[in-house]
Amino acid sequence: MSVSNVTDTIKYIGVQDRDIDLFEGQFVVPDGISYNSYVILDEKVAVMDTADLRKIDDYMANLEEALAGRTPDYLVIHHVEPDHASGFGTFFAKYPETKLVANVKTFQILGNYFDLPEENKVTVTEGDSLDLGVHQLHFILAPMVHWPEVMMTYESTEKVFFSADAFGKFGTLDAEGEWADEARRYYFNIVGKFGMNVQKVFAKLPDFDIQTVCALHGPVLSGDALAEALDLYQKWSTYTADTEGVCIAYCSMHGNMKKAAMKLESMLKAKGVDVEAVELNREPASEALEHAFMYDKLVLMAPSYYGSVMPAMEDFLHHLAGKLYQNRTVAVIEGGSWAPSAARTMGKLLEGMKNLTVLEQTFTMLGGYSDEKVEAAFTELVDALTA
């Protein structure tokens with residue numbers, strides 16, 4: 001995908017990275033990722049961000065095509081993480097007269113990567129604006145969504161909101177699937193800890209008539225897609241479940257706990273419950289986290305291990321705590337052969353999370369799995385989860 005129109009005068013010049021396997025060196029991205037950038041063509045030309053150095057040749061080709069012989073007057077820098085700013089050096093080497101529009105914190109961090117001539121800096125802050133001719137840019141500070149320098153821009157003439165990493169998603173622009181699926185995984189793994197900061201930005205949005213959102217990853221959003229995104233971001237940033245249902249997060253050493261998880265899943269589905277069972281040893285941690293946040297209930301099932309709990313479960317719970325998991329109902333099921341310790345360990349890890357209702361209905365599976373062992377306990381648990 002090369003240059004395309006957001007509007008007649010705002011061009012998309014982002015690039016698609018289908019070669020990357022791990023985003024930020026840790027999140028699996030089977031459908032790749034997009035690095036988005038935009039150009040506003042007016043009396044003055046403004047470029048909105050650059051791109052990852054991985055794809056800088058494609059990016060520069062798109063930029064030159066959109067400019068059609070013109071040169072940029074301004075480069076607006078919303079976020080300096082390398083997936084958006086590592087290509088800055090190449091951009092600035094070609095267009096050294098460009099004025100760099102950013103806030104104080106942006107220049108501090110970007111200066112750790114590149115030499116920034118003082119005469120090129122245009123320092124802006126909350127409420128400042130920039131006149132391009134017809135288009136008017138209004139700057140909004142959004143610290144810790146999800147880096148301290150993050151800034152967003154509202155263009156008031158065409159009512160376009162440049163939202164930095166907010167409303168982004170994994171996947172290239174031609175990847176199939178619903179926006180919400182990979183946007184949810186992106187949000188909770190990258191932005192999720194900072195719900196309060198997202199809410200602070202949301203409090204500013206009523207001041208702007210936003211018709212289109214241009215994020216740094218993923219598609220341009222407008223109409224019904226934008227309405228859905230705003231609704232979901234309101235839920236996600238207040239740690240509210242998308243939907244009623246149960247995520248069963250389990251790990252299994254010799255297959256017994258897996259059989260128990262499958263039994264619980266079938267019993268819940270028989271009651272008409274929306275269920276997602278996630279095997280923590282096999283499922284990428286980012287996807288397990290997404291499913292846990294999607295539903296309003298979570299069942300943790302794990303064997304005991306060296307007086308604690310199986311490492312995959314311990315790691316998962318640390319991820320949940322790090323992303324401020326809260327406002328959910330949780331149940332705990334453990335396994336063991338002689339001295340069960342998993343429930344105790346999981347319980348301690350849950351204590352550090354806010355606003356959780358931990359059900360009294362629990363179960364210790366000693367030894368191997370059988371329907372007779374779990375039937376009564378799981379019936380009580382299903383009743384509690386569907387009450």
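Since the structure is predicted, the reported quantities are computational estimates derived from the model, not experimental observations.
Annotation: side chain of Cys247 is not in contact with side chain of Lys297 (no heavy-atom distance under 4.5 Å). You'll find the side chain of Leu264 reaches within 4.5 Å of the side chain of Met301, heavy atoms only. Contact of the Leu320 side chain with the Leu289 side chain is registered, since non-hydrogen atoms from C-beta on lie closer than 4.5 Å. Between Lys271 and Val382, some side-chain heavy-atom pair lies under the 4.5 Å cut-off. Between Arg185 and Glu287, some side-chain heavy-atom pair lies under the 4.5 Å cut-off. Looking at Leu110 and Ile77, their side chains come closer than 4.5 Å, going by heavy atoms from C-beta outward.
Under a cutoff of 6.0 Å and an axis angle of 45°, Lys11 and Tyr38 do not form a cation-pi pair.
For the residue pair His78 / Asp49, a side-chain donor-acceptor distance below 3.5 Å is found, with atom types taken as modelled. A donor-acceptor pair shorter than 3.5 Å can be found between the side chains of Glu158 and Thr9. Between the side chains of Ser129 and Gln136, no donor N or O sits under 3.5 Å from an acceptor N or O. For the residue pair Glu43/His135, the side-chain donor-acceptor check at 3.5 Å is not satisfied. For Asp165 and Trp147, the side-chain atoms include no donor-acceptor pair closer than 3.5 Å. Under 3.5 Å, the side chains of Gln199 and Gln234 contain a donor-acceptor pair of N or O atoms. With hydrogens and angles left out, the side-chain atoms of Asn120 and Glu118 include no donor and acceptor closer than 3.5 Å. Asp128 and Thr125 share no side-chain donor-acceptor pair at under 3.5 Å. Between the side chains of His138 and Ser156, at least one donor N or O lies within less than 3.5 Å of an accepting N or O.
Linking Ile, Leu, Val, Met, Phe, Trp and Tyr whenever their side-chain heavy atoms come within less than 4.5 Å puts Val150 and Tyr35 in one cluster. Ile56 and Val80 fall within a single hydrophobic cluster, where Ile, Leu, Val, Met, Phe, Trp and Tyr side chains are chained together by heavy-atom contacts under 4.5 Å. No path of Ile, Leu, Val, Met, Phe, Trp and Tyr side chains, each step under 4.5 Å between heavy atoms, connects Leu385 with Val330, placing them in separate hydrophobic clusters. Hydrophobic clustering (side-chain heavy atoms under 4.5 Å, transitive across Ile, Leu, Val, Met, Phe, Trp, Tyr) groups Val124 together with Ile40. Met346 and Val299 fall into different hydrophobic clusters, where Ile, Leu, Val, Met, Phe, Trp and Tyr residues are linked whenever their side-chain heavy atoms come under 4.5 Å apart, directly or through other members.
For the atom pair NZ of Lys354 and CD of Gln326, the computed distance is 4.5 Å after rounding to the nearest 0.5 Å. Atom-to-atom distance recorded for Leu67:CG and Asn62:CG is 10.5 Å, nearest 0.5 angstrom. Note that CD of Glu276 is 8.0 Å distant from CE of Met294, once rounded to the nearest 0.5 Å. Note that CD of Glu375 and OG1 of Thr379 are 5.0 Å apart. Values are rounded to the nearest 0.5 Å. Atom NZ of Lys55 and atom OG of Ser86 lie 12.5 Å apart (nearest 0.5 Å). The structure places CD of Glu155 at 12.0 Å from CD of Gln211, a figure rounded to the nearest 0.5 Å.
Note on ring orientation: taking the six-membered ring where Trp is involved, the planes of Phe91 and Tyr95 are tilted (angle from 30° to 60°). Between Tyr154 and Phe161, the ring planes are tilted. Angles from 30° to 60° get that label.
Remark: Asp115 CG is loosely packed, at most 12 non-hydrogen atoms of other residues, nucleotides or ligands lying under 6.0 Å away. Enclosure of atom CG in Asp371 by more than 12 non-hydrogen atoms of other residues, nucleotides or ligands within 6.0 angstrom is indicated. Heavy atoms from other residues, nucleotides or ligands lying under 6.0 Å from CD of Gln26 number more than 12. By the 6.0 Å contact criterion, CD on Glu178 is open, its count of non-hydrogen atoms from other residues, nucleotides or ligands being 12 or less. Other residues, nucleotides and ligands contribute more than 12 heavy atoms inside 6.0 Å of the CE atom of Met262. Sparse packing is recorded around CG of Asp224, with 12 or fewer heavy atoms of other residues, nucleotides or ligands lying under 6.0 Å away. Atom CD of Glu244 has 12 or fewer neighbouring heavy atoms from other residues, nucleotides or ligands inside a 6.0 Å radius.
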Test log, rule side chain to side chain contact (heavy atoms under 4.5 Å, CB included), inputs Val29 and Ile20: CA-CA 7 Å; Val29 282; Ile20 190 171; 3.9 Å; yes

Could you go through the side chain to side chain contact (heavy atoms under 4.5 Å, CB included) check for Tyr59 and Asp52 one step at a time? CA-CA 9 Å; Tyr59 170 76; Asp52 197 303; over 6 Å; no

Side chain to side chain donor-acceptor pair (under 3.5 Å) for Asn36 and Tyr12? Distances and angles first, verdict last. CA-CA 7 Å; Asn36 295 345; Tyr12 175 85; 2.6 Å; yes

Checking Asn327 against Tyr325 for the side chain to side chain donor-acceptor pair (under 3.5 Å) test, could you report, in this order, the C-alpha distance in whole Å, the side-chain angles of both residues, the deciding distance, and whether it holds? CA-CA 7 Å; Asn327 303 330; Tyr325 186 74; over 6 Å; no

Could you go through the side chain to side chain contact (heavy atoms under 4.5 Å, CB included) check for Tyr305 and Thr345 one step at a time? CA-CA 10 Å; Tyr305 189 82; Thr345 303; over 6 Å; no

Evaluate the criterion side chain to side chain contact (heavy atoms under 4.5 Å, CB included) for residue pair Phe114 and Phe92; output intermediate values, then yes/no. CA-CA 10 Å; Phe114 302 101; Phe92 198 61; over 6 Å; no

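Judged purely by atom type and a 3.5 angstrom limit, Glu126 uses its side chain to pair as donor or acceptor with the backbone of Leu141. Within the 3.5 Å criterion, the main-chain N or O of Glu119 finds a donor-acceptor partner in the side chain of Lys99. A donor-acceptor pair under 3.5 Å links the side-chain atoms of Arg328 to the main chain of Tyr295, judged by distance alone. Lys204 contributes no side-chain N or O that, together with a main-chain N or O of Ala142, makes up a donor-acceptor pair within less than 3.5 Å.
Smallest separation of non-hydrogen atoms from Ala166 and Ala215: O-CB, 3.4 Å. Here the closest non-hydrogen pair linking Thr50 and Ser37 is O-CB, 3.6 Å. Scanning both residues, Met152 and Ser163, for their nearest heavy atoms gives CE-O, 3.4 Å. In terms of heavy-atom proximity, Ala288 sits nearest to Val278 at CB-CG1, 3.7 Å. Across Ser34 and Gln16, no two heavy atoms sit closer than the pair CB-OE1, 3.2 Å. Taking all atoms of both residues into account, the shortest heavy-atom contact from Gly336 to Ser304 is CA-OG, 4.3 Å.
Remark: Asp242 engages Arg184 in a salt bridge, criterion side-chain N to carboxylate O under 4.0 Å.
Less than 6.0 angstrom separates the ring centroid of Phe23 from the ring centroid of His217.
Tested against Phe170 for a ring pair (Phe, Tyr, Trp, His ring centres under 6.0 Å), the candidates Tyr187, Tyr186, Phe188 yield a single pass: Tyr186. Considering Val47, Val15, Asp58 as possible partners of Leu63, the one that fulfils the side chain to side chain contact (heavy atoms under 4.5 Å, CB included) test is Val47.
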